[in-house]
Amino acid sequence: MPSREVINNFAEKFSSSAERVGKVPVQAKQVWNWFQNRRHAHRAKTYTNNNNNKSPATKFLHEESSISFRNIAPVPSANVSNVQMEFEAKSARDGAWYDVSAFLSHRLFETGDPEVRVRFSGFGTEEDEWVNVKKCVRQRSLPCESAECVAVLPNDLILCFQEGKEQALYFDAHVLDAQRRRHDVRGCRCRFLVRYDHDQSEEIVPLRKVCRRPETDYRLQILQASRLARSADHHHMQSSGPHISVTDPLTHAPLHKMTTARNNTDDVKTPEKKSNSQSESASCQGANRG
């Protein structure tokens, strides 16, 4: 990440450009968010490449979108002692979420609500804030790689990158619907209809603008296990004869029905958005989170 001075210089140059005469000045936070978005995209790309080298099963996870996770409880990880946890905090100044670089101090009010003073990544001391631990601090949201789109489901809480005329920040949103599309060389082409919590606006966004919550990791673990189990069942079926009935290890549905459901996902239509966001829909459908 560039230094605070560099980010401020960029913001001043953008604001003084001829194209922005008479427009709202570019804020340093907008520039910082652009760099953060690029950094998250780089992390996701690196993570994707590493996973592709480890196991070919993740390449096929998007095919398993017909599996239901609603009645499956998250499974806690057994080995977490060596994991360095990263956090994000919600700023009271704009309601957006930012990565936390350090917790500076803490205090406890008579009401029992603890607060911590945080330093946001990429910002100086003047941007430090006291935030409520219970409401405004949480484990860092995760940028999605292409194969992880199946872990983003309707009603999920996500962190979504909202680009507006005056700001481009990460806000909480809920997924209203998901349009599954067949992946190609460009990666995930799925689209998600989301509603932002802070202003209730709706928008159709690509996966690159979506950060999923860490609590959804168990879905990917189940999908991987399911894929491996199916491969073993298929191998067993070929070696034992054509009359073996193979069922899904999670839903116990026949495999031919699951395949039919997957083939029909391309025909699912995304609900129309409200008229005040049609232009944003057209824009984000042509986009490929950075």
Partners passing side chain to side chain donor-acceptor pair (under 3.5 Å) against [X] (at least two apart in sequence or in another chain):
X: Glu115; result: Arg107
X: His106; result: none
X: Arg119; result: Asp128

Hey, are [X] and [Y] close enough for a salt bridge, meaning a charged N less than 4.0 Å from a carboxylate O?
X: Arg212; Y: Asp217; value: yes
X: Arg219; Y: Glu148; value: no
X: Glu88; Y: Arg140; value: no
X: Asp172; Y: Arg138; value: yes
X: Asp156; Y: Arg213; value: no

Any side-chain heavy-atom pair of [X] and [Y] under 4.5 Å:
X: Arg189; Y: His183; result: no
X: Val133; Y: Pro114; result: yes
X: Pro154; Y: Leu176; result: no
X: Val175; Y: Leu193; result: no

Are [Y] and [X] co-members of a hydrophobic cluster defined by side-chain heavy atoms under 4.5 Å apart?
X: Leu157; Y: Phe171; value: no
X: Phe120; Y: Val6; value: yes
X: Phe103; Y: Met85; value: yes

For this session: Evaluate the side-chain contact (heavy atoms from CB on, under 4.5 Å) criterion for residues Ser91 and Glu129: first the C-alpha distance (whole Å), next the side-chain angles of each, then the deciding distance (0.1 Å), finally the verdict.
Result: CA-CA 7 Å; Ser91 171; Glu129 287 188 40; 2.5 Å; yes

Qualifying residue, where the test is side chain to side chain contact (heavy atoms under 4.5 Å, CB included) with Phe192 and the options are Lys209, Glu203, Gln179, Arg180
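Looking at Lys209, Glu203, Gln179, Arg180, the match for Phe192 under the side chain to side chain contact (heavy atoms under 4.5 Å, CB included) is Arg180.
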
Quiz item: Below 6.0 angstrom between ring centroids: does that apply to Tyr98 and Tyr170?
Solution: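 Between Tyr98 and Tyr170, the centre distance exceeds or equals 6.0 Å.
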
